Amino acid sequence: MPQEIPKAYEPQEIEERWAKAWFEEQVFRAENSRASSGETFSIALPPPNVTGSIHIGHMLEHTQIDMLVRWHRMRGDRTLWVPGMDHAGIATQFVVERMLAKEGIKRQDLGREEFERRVWKWKAESGGAIKGQMIRLGASCDWTREHFTLEPKLYRAVLEAFLRLYHEGLIYRGRYMVNWCPRCQTAISDLEVVHHERTGEIWNIRYALAGAPAGQFLVVATTRPETMLGDTALAVHPEDERYKHLIGKKAILPLMNREIPIVADSYVDREFGTGVVKITPAHDPNDFELGKRHNLAVIDVMTPDGHINEAGGAYAGLERFAARGRVVKDLQELGLLESVKEHAHAVGTCDRCKAIVEPRISTQWFCKMKPLAEPAREAVLAGVIEVAPPNQRTILLNWLDNIRDWCISRQLWWGHRIPVWHCAGCQEMIPAADSRVEIVEGHARAASVPTKCPKCGGTKLEQDQDVLDTWFSSALWPFSTLGWPDNTDDLKHFYPTSLLISGYDILFFWDARMIMMGLHLSGARFAGNSGAEIHAQRNAAAPATENTIPFRRLYLHSLVRTADGSKMSKTKGTGVDPLQLTQQYGTDALRYMLASMSAPGTDIILSDDRILGARAFANKIWNAARFLFVNLEKIEAQGIALEEIAAPEIRARAPYAFAGEGGLAHRWIFARLAGVCAQVNDALANFRFHEACQTIYHFFWGDFCDWYIEWVKPQLSSSDRETALAAWRNIFAALDAALRLLHPVMPFLTEELWHRLPQASGARSIALDAFPEPRANWTDAAAIEEMNALQEIVTAARNMRSEMKLDPKRKVAAEFSTAEPAVRKLATENRDALLRLGALSSLEIISGRLNSEGGAVRSNAQFDLKIIFGDAADKT
RNA sequence: GGGCGAUUAGCUCAGUUGGUUAGAGCGCUCCCCUCACACGGGAGAGGUCAAAGGUUCGAGUCCUUUAUCGCCCACCA
């Protein structure tokens, strides 16, 4: 058997074998956790996009989640990790459209239904990639409870949520200023606009005054000259002495030759530019608001794909930036361009496709956020939801305080279609009667389709074309995946979830919205069906009770960055493929490396050194275990069977006492273990993954390998049966505890080694075993102190040997002296270990101080140690 | 324009509520392929904790200012 253990840890075969076994045997099914503590631990996976594959950021996130999930499971909590995928509206549609484009097809050519079929087909083909990767990387999810945001159950949850909010007046439809992506041809939310600081140009344009002599102009600055085609006013500050006399007069809009009013509004900054602002209510959020105040006309001059429309007169049909050029050129020719200057300003771009976003007036669906944000704020403030690290809590609260309505409609085809019908006759909006779904071609859609307009009786009803923002369904994830709106057993048992771990980059997109939706929609009140009475019932505002929060704790993990500190990007080729790193170094090493760098609050920059160190650690663990198994032969020769020294019930009774001397190292290693367990528990309870890792590392490498194994080696091959038995029992018990301690971060390696120890019949996985819990007799402050003293003696001896450059192959004589009787006793009792580890031939224990004649003396507060050179010094 | 964070050994980073000689990994120097492991063992060198001031018996840790870098939010044309 020993020969079968390779000298170096080779993770590939082991990891693949266990990943497969864990999945096939459903080891991580919630029902399989020991559930002995009476506690429940539940957590939802932040659903990755179906478009993607696992990147290093996922790996970090999944490692952290998995560590806590495995830890809780081992501690005896009924443990559930719900996995799943997000349909990722824009992202997925974008990918499929791009594929179609290669065939020269546009989605409009196919029509909505056929396009959706194509996306489903694509999803079926490549959507499973992440699942396979997660399984391979050891994520201990309950795959029997996997979900997808567009599956029928979750579709129904989305309809239910929409309808409730709609009936409560929190979802409304209207014509407002939105961020429009001309590339994606859809509205996007404020959060999806990414601002980039750019040096652009600012143009100063002359607007003639109506009825004034030629040559009299007002000069107006703009960074988007093409929008002037839609200008419907100029504005000045009401108290601006320069322009007071012009208020109420008219100006002539150049190029369009339209008379526009000059209005007064305190929004105008007198200091900026000339103090005169062109007002384009259809294409600027401020102008839109100002326009409402002054009843200005709203002229939309742009098409959905970013071209100038008929309202743009001679410029109709031009692409927006081409139009800009033409407008500027024409102004110049007319002598109406006063000047052009460089100007640094923030340009909004589409998070998805990077196109420059156009503020545009458009009819969209919105969700009113203030009433939803208030309970969320209270819940966070009161600590009902704990947010860590603390600075993220501040950021979240600030955002909730300044929240604005959320544009939830998207002009896409891939997503949850809005369950509202429009009457062709009277424009009345008729929502679905309830949230039921029907399955058509295997996929869900709203089932309770209205057939008659309640207002005009018309029967020509058409469903709203828009779908919901992907994040709308994500916002329901922690409860929709547990069966909401039905009051299922899972919902009763596992909701609220215990924790959410996500990157801080989606704090607003997702985490905050889950809190708001969770507080508003979930909780004990729902009855199962939807319908008018439920909505009425729901209108009694729910207090922010603990029952309704989606998770009790929220931890925002760091982001993994490239060496120069920028965000990893697949398109830039700076992304790191975790599967490749796994092939190279092993999953456990990668996991350990990520976890050991996971200090809360700071981003992670990958380094090759760290992962090499992690691989070395895995190898070290492997070899420590290998040492025991290889040496088993020696005691088997004494007629001692593995079962006698390593059976689970034997291990459970450690430490085993020694009749005579030689028991100190054993008392010490279990005392250390007790301390380490406490430290690791504390670290993991507070998301201090790096601290947990470092503690275990130091224990395993420093204490267990460097000292304990070395110290007890002779005992293991002792001819005294009692000594050998006790030593072996202790060392196996300590190894077993160490493996269980290590398991959350290095699941594969520990699983493999655990199975090489005798286990109770039917024991399936270390993951279902218990996390080490110190027995009462492990704690032993005296053992720690005594061992420290002995370690100092050994270190002093080695140090001197090294400094004197003594021949390492030669043992040397030493003398030892101490004023403390306890230390003297220790040294006497452990003389053998001191000789061996200090490479000493003898250790004479002497009263009184030592002199350095014929050697060298090292002293500290407790003792003097003298090395006698003898002929070992000849080497120098 | 607001807000947040960072600046600690050559490199990558720890250092929770202020308290004895500031830690780790990698790298470096010296020695050792000793019967688990060279992905190893042993012993070392290396830091005015960005700068200046302040609070304190005592500060890497708290306060102020400055410098450099990074991130987030934001409707100044």
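Reminder, nothing fancy here: chain letters follow the sequence lines and each chain counts from 1. Since the model is a prediction, treat every value here as computed from it, not as a measurement.
By the 4.0 Å N-to-carboxylate-O rule, A/Arg756 lies close enough to A/Glu752 to be salt-bridged with it. In this structure, A/Arg672 pairs ionically with A/Asp703, as a charged nitrogen and a carboxylate oxygen lie closer than 4.0 Å. Comment: A/Arg324 does not engage A/Glu201 in a salt bridge, judged by the lack of any side-chain N to carboxylate O separation of less than 4.0 angstrom. Electrostatic pairing of A/Arg242 and A/Asp240 counts as a salt bridge here, judged by a charged N lying under 4.0 Å from a carboxylate O. For the pair A/Arg224 and A/Glu358, the salt-bridge criterion is met [side-chain N within less than 4.0 Å of a carboxylate O].
On the P atoms, B/U34 is 48 Å away from B/U61, given to the nearest whole Å. Separating the C1' atom of B/G19 from that of B/G5 is a span of 27 Å, rounded to the nearest Å. Distance check on atom P: B/U48 versus B/G10 gives 8 Å, rounded to whole Å. A gap of 14 Å separates the C1' atoms of B/A59 and B/U8, to the nearest Å. Remark: the separation of the P atoms in B/U65 and B/G2 is 14 Å, to the nearest Å. Going from the P atom of B/G41 to that of B/C33 covers 16 Å, rounded to whole Å. Nucleotides B/C57 and B/C71 are separated by 42 Å at their P atoms, to the nearest Å. On the P atoms, B/G44 is 25 Å away from B/C49, given to the nearest whole Å.
The distance between atom OH of A/Tyr9 and atom C1' of B/C39, rounded to the nearest whole Å, is 13 Å. If you take CE of A/Met228 and P of B/A77, they are 17 Å apart, rounded to a whole angstrom. For A/Leu507 and B/C71, the CG to P distance is 18 Å, given to the nearest whole Å. As rounded to whole Å, 14 Å separates atom P of B/G1 from atom CG of A/Asp269. Between the P atom of B/G25 and the CD1 atom of A/Ile696 lies a distance of 16 Å, rounded to the nearest Å. Following rounding to the nearest Å, A/Arg858 (CZ) and B/G44 (P) show an atom-to-atom distance of 8 Å. Computed from coordinates, the A/Tyr585 OH to B/C39 C1' distance equals 11 Å when rounded to whole Å.
The ring pair (Phe, Tyr, Trp, His ring centres under 6.0 Å) search around A/Trp728 returns A/Phe732, not counting sequence neighbours. Remark: A/Asn391 pairs with A/Pro389 by the side chain to side chain contact (heavy atoms under 4.5 Å, CB included) rule, at least two apart or across chains. A/Asn681 meets the side chain to side chain contact (heavy atoms under 4.5 Å, CB included) test with A/Trp71, A/Arg75, A/Phe771; sequence neighbours excluded. For A/Asp609, the side chain to side chain contact (heavy atoms under 4.5 Å, CB included) partners at least two apart in sequence or on another chain are A/Ser607. Judged as a side chain to side chain donor-acceptor pair (under 3.5 Å), and not counting sequence neighbours, the contacts of A/Gln64 are A/Ser598. In terms of the ring pair (Phe, Tyr, Trp, His ring centres under 6.0 Å) criterion, A/His294 has no residue partners (sequence neighbours excluded). For A/Glu710, the side chain to side chain contact (heavy atoms under 4.5 Å, CB included) test picks out A/Lys713, A/Leu837, with sequence neighbours left out.
In this structure, A/Phe617 and A/Trp701 have parallel ring planes: the angle between them is below the 30° cut-off, well short of the 60° mark.
Side chains of A/Phe627 and A/Asn631 form a contact here, defined as non-hydrogen atoms less than 4.5 Å apart. You'll find the side chain of A/Ile5 reaches within 4.5 Å of the side chain of A/Trp622, heavy atoms only.
Across all strands shown, nothing is found opposite B/C35 as a Watson-Crick or G-U wobble partner with both distances under 3.5 Å. In this structure, B/A22 forms no base pair with any nucleotide, since neither Watson-Crick nor G-U wobble geometry is met with both distances under 3.5 Å. Judged by Watson-Crick or G-U wobble contacts below 3.5 Å, the nucleotide B/A43 has B/U29 as its partner. Look at B/G53: its Watson-Crick or wobble partner, with both distances under 3.5 angstrom, is B/C63. Base pairing of B/U68 is made with B/A6, judged by Watson-Crick or G-U wobble geometry with both donor-acceptor distances under 3.5 Å.
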N/O-N/O pairs, protein side and nucleotides 60-63 of chain B side, under 3.5 Å:
none

Expected rows: protein N/O vs nucleotides 15-18 of chain B N/O, under 3.5 Å:
none

Taking only N/O atoms, report every protein-nucleotides 40-42 of chain B pair under 3.5 Å with atom names and distance.
unit_1 : atom_1 : unit_2   : atom_2 : d
B/G40  : O3'    : A/Lys620 : NZ     : 3.1
B/G41  : OP1    : A/Lys620 : NZ     : 3.0
B/G41  : OP1    : A/Trp701 : NE1    : 2.4

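Residue-environment remark: CD (A/Glu271) stays at or below the threshold of 12 foreign heavy atoms within 6.0 Å. Atom CD of A/Gln583 sits in a crowded spot, with more than 12 heavy atoms from other residues, nucleotides or ligands closer than 6.0 Å. The local environment of CD in A/Glu13 is crowded, with over 12 non-hydrogen atoms from other residues, nucleotides or ligands closer than 6.0 Å.
Here A/Arg801 does not reach the OP1 or OP2 of B/C32: none of its side-chain N or O atoms lies under 4.0 Å away.
Residues from residues 339-349 of chain A placing a heavy atom under 4.0 Å of any atom in RNA chain B, listed by number, are A/His343, A/His345, A/Ala346. Near RNA chain B, meaning a heavy atom under 4.0 Å away, the residues from residues 272-280 of chain A are A/Phe272, A/Val277.
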